[in-house]
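Worksheet for the structure shown next.
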Amino acid sequence: MSTPEVTVIQDIRPLIAFVAPLLGVIGIVWAGEKRKNLRETFTFLVASIQATVVLSMVPLLLSGTIVEFHVWQMFTHVPLLLRVDGFGLLFACVASLLWIATTVYSIGYMRGLHEHAQTRFYAFFAISLSATIGVAFSANLLTIYFFYEMLSVSTFPLVTHMQDKEARTGGRTYLGYLLFTSLCILLPALSWCYVWLDGGNVAMDFLADTGKVGSFSETTQIILLILFTFGFAKAGIMPLHSWLPGAMVAPTPVSALLHAVAVVKVGVFCVVRVYSDIFGTEVLQQLDGEDWMIGIACATILISSLIALSQDNLKRRLAFSTIGQLGYVILGATLATQQGIGGSVLHIAMHACGKITLFFCAGAIFVATGKKYVSELRGLGRKMPVTMGAFMIGSLSVIGLPPLGGFVSKWYLALGALDRGATWVVFVLLISSLLNVFYLLPVAVTAFFRNPADDSEPEIKEAPMACVIPLSITAIGCFVLFFIAGPLVSMVGLTD
Amino acid sequence: MFEDGTIINELLIERLNYFIYVVLLLIGLHAMIAKKNLIKKLIGMSIFQTAIILFYVSIGVKEGSTIPVYLPEHDPHGSHSVPSDTNETSHFDHGPVILDSSLVKGYANPLPHVLMLTAIVVGVATLGLALALCQRIYQGYGTIEEDELLAKMESREIRSKTLSVQIPKDQKLPKKDELKKEKSRSVSKSKTLSASKPKPKGKK
Amino acid sequence: MENSIAWIFIFPLFGSVACAILGISNRKICYPIAVLSMAGSLWAGIETLRQVLSVNDHTVSYLFGGWTLDAYPRGVGIEFHADILGILITLVVLGVGLLVSLYSKLPVEEETPGKEPLFYTLFLLQVTGLAGICLTGDAFNLYVLIEVAALTGYGLIAIGSNRAAAATFNYLILGTIGASLYLLGVGYIYIKTGTLNMVGIHDIIVAEGLADSATMQVAFVLVGVGILIKMAFFPFHAWLPNAYSNAPTTTSCLLAPVVTKVMIYVMIRMVLSVFGVEFSFESTLWTDVLPWLVVVAIVCAAVMALAQREIKRMLSYLIVAEVGYMVGGVWIYNYYGLIGSIFHVISDACMTLCLFLGAGLILRKAKTTHFDGLRGLFTKMPLTMTGFFIGGFSIIGLPPTCGFFSKWYLITGGMVSQRWEYMIVLMFSTMVMVVLFFRMIERIHLAVSESGENLGHGHGDLGLTDQQTRFDEGPLSMLIPLLLASAVVLVVGIYNQEVVSLIEVFLSDFNLPRGEGIK
């Protein structure tokens with residue numbers, strides 16, 4: 001994705017956005033368990049700084065300027081280079097804004113449940129966000145790998161937060177999948193490109209080196225494509241998805257931000273980068289076996305939606321829904337058309353906003369009532385109207401109805417499929433939207449329209465304000481995204 | 001049987017020195033690896049090193065050569081020389097002189113021998129250290145048979161594990177004892193050892 | 001300074017003598033002497049590096065006894081010969097020596113009370129020997145210095161417990177076999193070339209075309225096998241785990257990072273500078289055979305490491321696996337593999353140092369290095385554990401630690417030579433290391449026993465008393481070296497380009513394949 005008249009300027013802002021949370025960690029640890037308010041102020045502060053810095057780059061980008069920052073020379077030809085382009089900036093905006101919401105939310109959630117080791121929680125949370133921004137602003141494949149690994153390791157303490165047997169199982173699956181794929185699948189692929197693209201003189205830069213993979217033979221290209229697609233296992237593409245439901249043992253804010261926004265979105269973002277900026281649409285469209293990848297993405301979408309139908313645990317149901325939605329993003333990338341890739345980047349943002357609302361609601365329900373299962377939610381709508389209302393909006397956005405954000409991205413995905421000439425993909429999209437309706441709407445419907453099983457339950461009130469406000473904001477965000485879709489669309493290099 | 005070119009001829013006549021050193025080397029190696037007794041291992045080690053020394057010494061030797069000390073006719077300073085026409089001019093030269101290569105044939109190569117002096121020193125140091133270790137092992141475990149040693153080490157490991165889990169403080173005490181003893185330096189080594197020996201028995 | 005290369009040795013050598021003599025009257029004086037002589041030596045090493053870089057052919061020679069280099073073959077006398085590789089590894093040895101000497105104060109006083117003079121004498125001699133191995137230009141002197149390092153090493157290990165003495169005995173037997181085989185090989189080289197100077201040997205091999213000579217082939221095998229035994233390459237590794245895990249803390253911290261690495265350096269030196277690229281890689285079968293042995297070595301060592309439940313033993317087996325990495329990097333025979341191998345020598349020394357220093361601190365505070373005693377250490381000694389696991393992540397190969405970059409070059413090397421078996425086994429052992437270190441993290445971080453029972457009452461309760469989880473860091477004299485070591489791991493990783501460019505300068509003298517590329 002490169003627009004014709006871009007100017008590149010050197011600026012330290014991308015680095016600030018990356019480093020600010022890391023410096024925040026020092027403050028968070030220093031404040032510690034004894035000065036809770038100070039600690040949470042620090043978290044909030046760095047989240048705001050990060051968001052401000054990221055947002056300040058939006059006007060620059062819209063005026064056709066790309067910000068770059070050269071950090072250090074990693075290999076002879078490969079620098080650790082940060083660059084703010086449309087894809088990255090959109091993703092960074094989403095991640096950093098939602099981090100603010102999550103910060104407020106986790107204050108309510110963690111205090112509401114009297115969780116232990118909150119300092120550790122906030123510290124590693126900040127590190128994860130720093131890594132996420134790093135991924136968003138990476139300018140070449142090795143830089144992205146660098147931050148990708150940083151994210152894998154820094155989320156491990158969050159996933160195993162409960163420190164019990166389930167946490168161990170979840171953590172093992174989590175790291176097993178992520179590190180196995182990144183160290184054993186991704187690294188050889190990177191090394192392959194490093195050695196043999198142009199005799200080791202190529203930095204695998206997303207801007208300058210797009211399409212150079214085309215010099216490889218067709219077989220090699222296919223192998224590389226497979227290695228890259230499955231190497232970024234954070235994308236949750238089947239059959240490498242099982243870590244995601246496993247990681248649901250973590251506290252809800254973690255699940256919300258990391259498994260609806262940061263971690264999984266980093267995965268799909270990396271995949272999109274590889275498809276659009278390493279291979280490039282021209283190379284991909286000429287590649288014969290590439291259709292298979294579309295098939296895999298579609299299979300992921302459908303199978304995971306079917307599994308989600310059978311899940312009673314709310315968080316698990318949402319987890320499988322996430323896998324399906326990640327499939328959309330991958331699908332957009334595999335379609336290898338401008339529209340498709342643009343749509344998939346948009347979908348990262350749209351889905352993030354919708355899904356985080358759903359997770360926030362699940363967490364709020366758990367804080368207020370201790371309930372985890374869909375079947376237990378009967379009649380909850382009347383007692384927690386705000387929460388369940390937000391849940392409804394989130395569901396509709398994920399399903400993709402106008403006037404909610406989810407509609408925009410699905411629209412462009414469908415357009416992309418038509419561009420590619422794969423009409424059947426549109427049907428897959430329709431069927432899966434229908435499946436989305438089946439597994440998401442019943443939750444809200446049960447809550448609002450079914451009478452509770454027995455009225456003897458103790459009084460249930462809304463969750464603490466710190467939980468309710470963020471989820472309301474993100475629910476409103478789903479509407480807002482629909483109405484500001486214009487600038488977003490131009491950010492990812494599409495025209496309305 | 002000993003015609004030219006046959007392998008037996010080569011081994012037993014032409015290269016007998018190498019043959020012998022290889023045999024010695026293998027004997028030594030076998031003893032080091034296969035023998036259970038630590039002292040026998042060390043004997044093997046000595047044989048092994050000696051074989052190498054023999055090898056080196058033998059490569060310095062030439063047929064009909066003599067020890068590498070100036071022969072009278074080569075001596076540039078002439079103190080031992082029979083005066084002759086060839087070295088009269090260099091009579092007053094001091095310091096090393098490069099000799100005509102046709103003249104030097106009569107010497108054995110001194111370098112391998114000199115190297116072996118160092119190797120012998122190294123070998124002696126190794127042997128000394130190894131014997132000290134053997135002594136230490138014998139004092140600690142009461143045996144220098146490898147299999148018995150392993151069995152004893154294993155049983156002690158199990159015991160120390162159970163001990164350290166139950167009474168971790170106990171482990172520190174003997175150290176302090178040792179410290180005091182070392183400070184006073186009046187207690188000889190064997191006494192410390194004999195004093196520390198009954199301890200595990202007492203705990204039984 | 002002109003003769004800085006000599007000062008590298010003068011400091012520790014005379015330091016050791018001073019320890020032995022002055023230590024009789026005052027035991028306390030040994031520690032400062034050791035630290036100062038290590039610092040002086042390191043300074044001389046840096047000075048030498050500067051000299052090496054400032055001259056055109058990047059070598060500095062120091063000749064003993066007024067001999068000159070005029071004669072052919074080179075080197076009638078004895079020579080210290082510093083090229084870029086040699087001085088780099090020397091600096092690693094000296095750096096490790098300095099950090100360990102700083103660290104050693106308390107462990108030495110407590111573990112071997114009353115033997116400080118002895119200990120530091122041996123310590124400094126050990127460093128002298130190792131630095132000598134790196135810098136000597138003479139094949140026979142190399143043998144002597146290997147034995148100097150080995151003998152002091154035996155002493156340093158056996159100074160501890162009775163178990164250590166028993167382990168040392170095996171080390172001594174195998175070490176002697178290794179060194180003697182090397183000596184034998186040098187004998188064969190001498191028969192054929194008539195010189196012992198490394199440069200001289202290489203000149204003659206090239207000039208006389210000795211590549212097909214049976215004698216030289218035998219010499220190569222003997223030297224190679226001897227070095228493989230000394231570096232604890234897999235089937236010959238038996239001495240290492242027992243010796244290092246039973247040794248006193250300081251000893252294992254000094255020996256584990258450098259001894260095997262220095263031997264790998266010797267192998268690289270022999271292969272590249274003495275026998276030469278053409279001889280080593282093209283006239284022998286080693287390029288075909290060794291990578292497969294490496295595969296076996298890495299797999300076996302990694303599996304054995306998995307079976308351990310005690311940190312120091314686990315780390316010892318890791319060293320054996322890492323030795324496999326580096327040997328493989330050399331024998332896959334290409335430019336990237338050798339960069340990887342050499343860089344891994346440096347980075348592995350840093351991270352092994354980091355891990356052993358950490359293990360020493362854990363042993364001191366938790367009174368055990370068994371996995372069962374580790375629970376709750378993150379809250380008890382967060383700094384130590386951070387330092388330790390930076391080393392651990394480096395072994396796994398996570399960026400930006402130096403381990404990532406060395407592993408990157410090794411994998412790249414495997415790819416260029418299309419040695420898929422080597423690449424796959426690297427991946428395999430990487431995963432094993434992920435298991436090893438994250439299993440440790442689990443045991444420390446989670447309230448779950450190995451068999452999977454919950455030990456606490458949920459909510460982060462580790463089932464320990466408050467006293468057991470209270471903040472209780474190790475003494476600063478031990479903590480600071482550990483943190484420095486972990487900083488070095490990161491710095492070497494971040495500035496890997498500087499180190500690699502030095503290695504590239506060194507390798508540019510040799511004609512190594514860079515891979516044609518498959519499309």
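Residue numbering restarts at 1 for every chain, and letters A, B, ... go by the order of the sequence lines.
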dist Thr118(B):OG1 -> Tyr143(C):OH (nearest 0.5 Å) comes out at 9.0 Å

Tyr56(B) side chain to Leu183(C) backbone, donor-acceptor under 3.5 Å: yes

Minimal non-hydrogen separation, Phe140(C) against Ala119(B), with atom names: CZ-N, 4.4 Å

Rounded to the nearest 0.5 Å, how far apart are CG of Leu38(B) and CG of Leu172(C)? 11.0 Å

So, the part of Met153(B) with a heavy atom under 4.5 Å from chain C: the answer is both

Pick from Leu181(C), Thr368(C), Val148(C), Leu184(C): which one has the most heavy-atom pairs with chain B under 4.5 Å? Leu184(C)

So, taking the atom named CG in Asn170(C) and the one named CG in Leu133(B), what distance separates them when rounded to the nearest 0.5 Å? 10.5 Å

Do other residues, nucleotides or ligands put more than 12 heavy atoms under 6.0 Å from Lys365(C) NZ? yes

What one should report as the nearest heavy-atom pair of Leu151(C) and Ala125(B) is CD1-CB, 3.8 Å

Enter the distance from Met32(B):CE to Leu174(C):CG here, rounded to the nearest 0.5 Å. 8.0 Å

With a 4.5 Å heavy-atom cut-off, do Leu149(B) and Phe169(C) have their side chains touching? no

Check: Arg136(B) side chain, Ser161(C) main-chain N or O, donor-acceptor pair, under 3.5 Å: yes

Using a cut-off of under 4.5 Å for heavy-atom pairs, which of Val144(C), Thr168(C), Asp372(C) has the most such pairs with chain B? Thr168(C)

So, taking the atom named CD1 in Ile177(C) and the one named CD in Gln49(B), what distance separates them when rounded to the nearest 0.5 Å? 10.5 Å

Side chain proximity check, Phe48(B) to Ile173(C), heavy atoms < 4.5 angstrom: no

With only heavy atoms counted, which part of Leu150(B) is less than 4.5 Å from chain C, the side chain, the backbone, both or neither? neither

Against chain B, label Tyr171(C) side chain, backbone, both or neither, depending on which of its atoms sit under 4.5 Å from a heavy atom there. neither

Rounded to the nearest 0.5 Å, the CG atom of Leu115(B) sits from the CG atom of Leu196(C) at a distance of 5.5 Å

